[in-house]
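Take a look at the structure set out below.
This is a predicted model, so every value here is computed, not measured.
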Amino acid sequence: MNGNQLAPYDIDIDAIDVSQPEYFQNDTIGLYFERLRQERPVHYCAESRFGPYWSITKFNDIMAIEKDPGNFSSDAYLGGIQLTDFPKGMERANFINMDPPEHDAQRKIVSPIVAPSNLANMEGTIRGHVIEILEQLPHGEVIDWVDKVSIELTTRMLATLFDFPFEQRRKLTYWSEVASADLRTSGEINTEAKRIEALGECLSTFKKLLIERANQPPKGDLVSMLAHSPMVNMDDQQFLSTLILLIIGGNDTTRNSISGGLLALMQNPNELAKLKADPSLVKSLVPEIIRWQTPLTHMRRTTTREVQIRGVTIPAGAKVAMWYLSGNRDEQVIEDADQFIVDRKNPRHHLSFGFGIHRCVGNRLAEMQIRILWEEILARGLTFELMGEPKRTYSHVVHGFATMPVKLGR
């Protein structure tokens, strides 16, 4: 904690603003969430860079909101899923930013890409990528795990899902980072209009692919699925918003779980020893990594009418943040929630994928990538040494890592 930052328990609780990205980057956010869970689980922040908002920090309260889209809306034109209020005409209108029935219809179009039969067909492709990436890593040298493994694997899979030109796959990474960057620290991209302008190449590239796929027989990639559905008639803003959703969903979440999982095992050598002694624990390791990292910190909802949570009245039209990262540390619901445990008894009991109608459509694909990566790491007997402090992402949304220096051995 830097010298200018008051300790979480020294601040007037009414003044706590857990949307500050500094808390996530310096990894002190957990202390603020701990205090809110204990003292004010339904917390009102009157002043923030996003305006006033409510924080929900307990597991069961978040679950209740997720199951109640009637009272807690995701509609982009009411506010969407981010604390940021987008300028009129720049709302990110995609299926995660919709309520039923529009949400259900659009989600149904893209969900076949992660159907069980399609995932089974992808397993060999994923394993091939993982093996190639691991075999190319130098031993005894310091590498950036984020760039060489986490980004590389997820970007390869994104290119596969979109049937995107493989040699240009790092464009997908760049567009993901532009789309999710904090406008306060993004240099020239400091307004939403400039962000959309910077994503112009993304839009034009995918519009060309969309036209090509529309003139071809239907295939199993995401662009073809869009091209042969009513969504082919989306305007540019809706199309770009849908692309951003699919790119970020396929990149940031898995990528940061891969990085966070390695860090957790390096910081918990006894758990790593358990895993090496019994590689079958990979099955419980994967959801524990995803719980522990919680790669997306929260989702927003907007109240459609006055509601009550824990006896606290929240007015209609209020901005409500469901902090998954806090819910996944709720000691009253998850035993030893602040510990990373590779053989946890009920590891899938977490909020990282959301719940209800908005549960992450690609959750099984994310789990498969992490599982195969750790199966191949264990098969090779690789060892890892952290060679410096990881640099965390400056974001109140994406809970992740910019860099992580690691040295590999056997």
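- Between Glu152 and Arg169 there is a salt bridge, with a side-chain nitrogen of the basic residue lying less than 4.0 Å from a carboxylate oxygen of the acidic one.
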Decide yes or no on side-chain hydrogen bond (donor to acceptor under 3.5 Å, both in side chains) for Glu22 and Tyr394, but give the supporting numbers first.
-> CA-CA 7 Å; Glu22 293 85 356; Tyr394 184 87; 2.8 Å; yes
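- Between the side chain of Ser352 and the backbone N or O of Ile290, at least one donor-acceptor pair lies under 3.5 Å.
- Salt bridge annotation for Glu376-Arg127: present, with a cationic side-chain nitrogen under 4.0 angstrom from a carboxylate oxygen.
- Within the 6.0 Å centre-distance limit, the rings of Phe166 and His129 are counted as a close aromatic pair.
- The aromatic ring centres of Phe401 and Trp145 sit 6.0 Å or more apart.
- A salt bridge links Asp85 to Arg300: at least one charged side-chain nitrogen sits closer than 4.0 Å to a carboxylate oxygen.
- A centroid separation of 6.0 Å or more is found between the aromatic rings of Phe355 and His358.
- By the neighbour-count criterion of 12 heavy atoms within 6.0 Å, atom NZ of Lys148 is sparsely surrounded, having that number or fewer from other residues, nucleotides or ligands.
- Taking the six-membered ring for Trp, His396 and Tyr23 have ring centres at least 6.0 Å apart.
- Under the 6.0 Å cut-off for aromatic ring centres, Phe206 and Phe164 qualify, their centroids lying closer than that.
- In this pair, Trp54 and Tyr44 present their aromatic rings tilted. The plane angle is within the 30 to 60° band.
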